[in-house]
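The first residue of the sequence shown is numbered 1, and numbering continues consecutively from there. Order of listing sets the numbers, starting from 1, for every ligand and every atom in it. Heavy atoms only: backbone and side chains are in, while hydrogens, waters and symmetry mates are out. For clarity, every value in this text was computed on a predicted model and none was experimentally measured.
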Amino acid sequence: MLRALPGGRAHEQEEAAADKLALLMALEKKALWLSTWMIHQANHLRPSRDGLKVGGHQASSASVATLMTALYLDVMRPQDRVAVKPHAAPLFHALQYLLGNQSRDKLERFRALGGAQAYPSRSKDGDIVDFSTGSVGLGVGVTLFAALVQDYLRLKRLVPSDTPPGRMIALAGDAELDEGNIFEALLEGWKHDVRNLWWVIDYNRQSLDAVVSDRLFGRIDALFEMFGWRVVTLKYGRLLQTAFARPDGEQLREWIDACPNSLYSALVYKGGEGWREHLRRDLNRYPGIRAILDEHDDESLGRLMTNLAGHDMGSVLDAFHAVTDDQPTCFIAYTIKGYGLPFAGHKDNHAGLMNPQQMASFQQSMGVPAGAEWERFAGLDLPPEELEAFLAEVPLAAKSARRHRPPPLAVPAEIAAPRGRNLSTQEAFGRILGSLATAENALAGRVVTTSPDVTVSTNLGAWVNRRGIFDRAERADTFREEKVVSAQRWGMSPQGQHIELGIAESNLFLLLAALGLAGPMFGARLLPIGTLYDPFIKRGLDALNYALYQDARFIVVATPSGITLAPEGGAHQSVLEPLIGIAQPGLVSFEPAYADELAVLLRWALEEIQREEGESVYFRLSTRPIEQHGRTIDAALGEAIVGGAYWLREPAPGAELAIAYCGAVAPEALAACEALREDVPGIGLLAVTSPDRLHAEWRAALARGEPSRAERLLSALRPGAALVTVCDSHPATLSWLGSAAPVSLMPLGVDHFGQSGDIPDLYRVYGIDSDAIIDAAARALLRAAGSVRH
Ligand SMILES: Cc1ncc(C[n+]2csc(CCOP(=O)(O)OP(=O)(O)O)c2C)c(N)n1
Ligand SMILES: [Mg+2]
């Protein structure tokens with residue numbers, strides 16, 4: 001009796017495991033069916049109004065069907081977060097449909113307006129998506145930074161730490177590993193001792209164009225191991241392993257191991273006959289192999305030879321469940337692109353769609369009756385109640401919030417502007433953050449700064465000295481301990497509020513993406529501020545776009561900027577970034593000239609990034625000290641600074657000339673204005689703090705049929721008046737003002753690469769000094785006079 005009990009239990013457990021396996025395999029089959037059907041009906045059955053192919057990726061979805069079913073319907077816990085390979089969106093939607101989180105209506109409108117998105121999207125598909133994906137590599141990278149952010153929050157006890165941490169999971173296509181951002185992230189993750197991270201690589205040996213090089217993956221496992229990861233390779237499924245264990249089976253293993261990726265893929269496509277021909281040719285001398293070939297008809301031989309572990313539910317479950325610690329783990333899962341579909345393995349199958357005949361026979365083989373295509377369990381040979389009961393019990397079905405909505409943190413009514421006769425906006429930024437660092441309020445506790453090796457040179461020093469650098473472990477500041485004098489105190493601890501990154505702007509924006517999603521993702525808001533040099537925004541631009549696409553909220557401070565950086569030369573002088581500021585969705589940009597403006601704007605930004613409908617904020621700052629006004633900013637001026645522009649020198653009513661400037665060229669604009677006042681007494685000087693906001697408001701006002709802010713401001717001038725615009729960036733930053741108001745406009749700015757020099761020389765050469773402004777004003781006045789005569 002005593003002995004029988006454990007034996008009986010083991011038997012029961014085995015039975016339960018077999019039941020679970022059968023249920024998961026049935027649901028995998030259904031998810032595969034739904035994903036292909038979703039794409040099929042969008043392309044073949046939904047009426048087309050534009051003649052475009054709708055598309056969708058049947059082959060890419062099929063290759064992860066087993067892996068994703070295992071994860072979503074068994075392995076994942078509610079606190080885990082996932083970035084799904086972009087081209088597996090249909091399979092993802094199908095699984096969510098099975099879980100009851102996605103509607104049939106959205107599936108029927110796959111890739112149509114308001115329907116399930118082509119690639120998983122946080123903002124458009126809703127709470128079911130943890131990380132948007134689409135630009136390959138970035139979704140993989142962001143999971144690493146999300147794991148870091150999870151640690152940041154847990155170590156500071158900003159989120160409950162009595163529950164187990166979530167695993168940050170990326171389901172990656174193998175070709176994604178060609179993207180450099182993944183390796184930049186790997187290095188950074190190693191430095192920060194990142195934990196609780198799983199990257200599951202769908203190793204189907206195919207990209208979009210071709211079959212992946214055989215040589216590449218030989219190095220991948222070593223590479224991950226070098227960075228402290230565990231590598232779990234899922235190569236052969238149970239059928240093949242059983243065959244390998246037979247007499248001469250080892251020959252079969254060696255043959256497959258040596259088979260080039262392209263031949264393997266071609267034979268997958270050709271099927272049983274193709275396998276038989278090659279195996280006969282190469283291994284016929286082995287009786288064991290001959291026996292295997294004799295025992296299998298073409299179909300079962302095809303099934304045997306494609307029995308890779310990534311399609312073997314039992315192997316996949318064993319591999320996932322075997323990992324119970326927090327060491328980052330890379331699963332290399334061998335799969336077949338298009339597994340189970342007629343174009344499996346074909347190198348051109350990336351965008352391939354089954355034609356109606358293929359679909360009809362696939363439907364038949366799936367046992368789905370006509371009219372029951374969307375039924376959740378049609379064609380499965382398990383009772384629907386059992387399937388329903390199983391789905392109700394999967395860990396992800398627990399109704400815990402996937403998306404949190406923590407309330408905003410209070411921002412003080414005023415942030416004091418730093419005092420001083422001459423200040424640059426960069427210095428002002430450093431001083432504002434320096435005083436924030438001494439503040440004992442909840443807001444300061446949630447600010448987290450980060451920078452890719454330009455912390456000191458972007459003026460974050462004072463903040464970091466007071467708030468410290470974040471690290472999972474306490475680390476002493478060796479220079480300080482050795483009493484070597486330095487202005488920087490760089491002690492590291494879990495309490496630190498600055499995350500120092502290596503020089504990789506892509507990592508900066510992926511970290512900002514993760515920090516900026518801390519609220520919805522983990523339940524505690526952070527107020528992230530990232531700094532970098534303005535020209536290097538372009539270096540991380542796709543990662544920035546990626547962060548904003550999923551509505552992560554943060555502040556980017558880009559400094560130094562423009563040719564105002566003077567001696568540093570053209571490689572560091574930014575030109576077009578303000579146009580990015582205007583054009584980039586999800587981002588409001590500002591380029592203030594004065595410290596008091598920056599104080600108003602930073603305060604506003606801390607609120608803006610917390611607002612439900614808000615956006616992230618980009619400040620373009622400068623290292624050029626300029627003379628300050630010593631004014632007090634009243635509510636109206638504050639509102640105008642945030643709105644994007646105000647009259648620094650009010651024009652006389654009906655004035656014939658004004659200058660509009662943005663940023664560090666303020667002194668030249670002021671000097672030109674004073675010089676021109678003699679001849680044009682009514683001249684006005686418009687300070688533009690945000691070409692971006694001004695432009696956006698102009699478009700919105702046009703749509704409403706109301707005068708825009710820009711138009712209202714410029715209506716102080718006479719119709720047809722002359723307007724000179726000047727900025728240390730591409731002239732198009734401001735030249736559009738010529739369409740917003742009836743003015744005759746002369747745009748000044750920089751449209752060539754910069755070079756070394758001092759400010760007077762460079763401003764002269766690029767035509768943005770006072771003389772250039774005065775010249776342009778004279779020409780504008782002449783043109784304006786001409787236009788009046790016309
Ligand atoms: C940054 C970027 N470049 C190019 C593409 C176009 N593209 C889409 S899928 C793909 C290949 C994907 O191959 P893999 O990651 O192996 O996925 P799978 O084989 O599973 O489809 C490419 C190049 C993209 N989505 N993102
Ligand atoms: Mg691939």
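- The 12-atom threshold is not exceeded at CD of Q364, counting heavy atoms of other residues, nucleotides or ligands nearer than 6.0 Å.
- Q206 lies close to the Mg ion (ligand 2), since one of its N, O or S atoms is found at a distance under 2.8 Å.
- Distances between N or O atoms of S63 and those of ligand 1 include no value under 3.5 Å.
- Atom CH2 of W190 sits in a sparse spot, with 12 or fewer heavy atoms from other residues, nucleotides or ligands closer than 6.0 Å.
- Of the candidates N181, N204, L208, V64, the one placing a heavy atom closest to atom 6 (C) of ligand 1 is L208.
- Not a single heavy atom of H57 sits less than 4.0 Å from an atom of ligand 1.
- Within the 4.0 Å cut-off (strictly below), a protein heavy atom is located near atom 8 (C) of ligand 1.
- The line from CG of L508 to CG of L501 is 6.5 Å long, rounded to the nearest 0.5 Å.
- Put simply, atom 4 (C) of ligand 1 has no protein non-hydrogen atoms near it, under 4.0 Å away.
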Tabulate below the donor-acceptor pairs under 3.5 Å that side-chain atoms of residues 125-132 make, not counting sequence neighbours, or state none.
unit_1 : atom_1 : unit_2 : atom_2 : d
D125   : OD1    : Q117   : N      : 3.0
D125   : OD2    : S121   : N      : 3.0
D127   : OD1    : R405   : NH2    : 3.4
D130   : OD1    : R402   : NE     : 3.1
D130   : OD2    : V82    : N      : 2.9
D130   : OD2    : R402   : NH2    : 2.8
S132   : OG     : R122   : N      : 2.9

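- By the neighbour-count criterion of 12 heavy atoms within 6.0 Å, atom CE of M25 is sparsely surrounded, having that number or fewer from other residues, nucleotides or ligands.
- Ligand 1 places these atoms under 4.0 Å from at least one heavy atom of D202: 20 (O).
- Annotation: angle subtended at the Mg ion (ligand 2) by N204 OD1 and D174 OD1 is 100°, to 10°.
- The shortest N or O to N or O distance between K337 and ligand 1 is below 3.5 Å.
- Looking at P86, S60, A62, G134 and measuring to atom 25 (N) of ligand 1, the nearest heavy atom belongs to G134.
- Counting heavy atoms under 4.0 Å from ligand 1, residue E176 touches it through both backbone and side chain.
- Every N/O-N/O distance between S135 and ligand 1 stays at or above 3.5 Å.
- Atom 2 (C) of ligand 1 has as its closest protein heavy atom V136 CG2, 3.6 Å.
- For D542, no heavy-atom contact with ligand 1 is shorter than 4.0 Å.
- Salt bridge annotation for D318-R238: present, with a cationic side-chain nitrogen under 4.0 angstrom from a carboxylate oxygen.
- T329 and R167 are not linked by any side-chain donor-acceptor pair at a separation below 3.5 angstrom, with hydrogens and angles left out of the test.
- Of all protein heavy atoms, the one closest to atom 16 (O) of ligand 1 is D174 OD1, 2.6 Å.
- Those atoms of ligand 1 that come under 4.0 Å of a heavy atom in H87, given as number and element, are 8 (C), 9 (S).
- Atoms of ligand 1 found under 4.0 Å from any heavy atom of H350 (numbered from 1 in listed order, with element): 9 (S), 21 (O).
- For the residue pair D542 / S135, a side-chain donor-acceptor distance below 3.5 Å is found, with atom types taken as modelled.
- Residue I503 qualifies as open at atom CD1: its count of foreign heavy atoms under 6.0 Å is 12 or below.
- Close approach of ligand 1 to K85 (heavy-atom distance below 4.0 Å) involves ligand atoms 18 (P), 20 (O).
- Counting heavy-atom neighbours within 6.0 Å of R539 CZ, excluding the residue itself, gives a total of 12 or less.
- Protein heavy atom in closest approach to atom 13 (O) of ligand 1: A175 CB, 3.3 Å.
- Counting only heavy atoms of the protein, atom 15 (O) of ligand 1 lies nearest to G173 CA, 3.2 Å.
- A salt bridge does not link R276 to E273: none of the charged side-chain nitrogens sits closer than 4.0 Å to a carboxylate oxygen.
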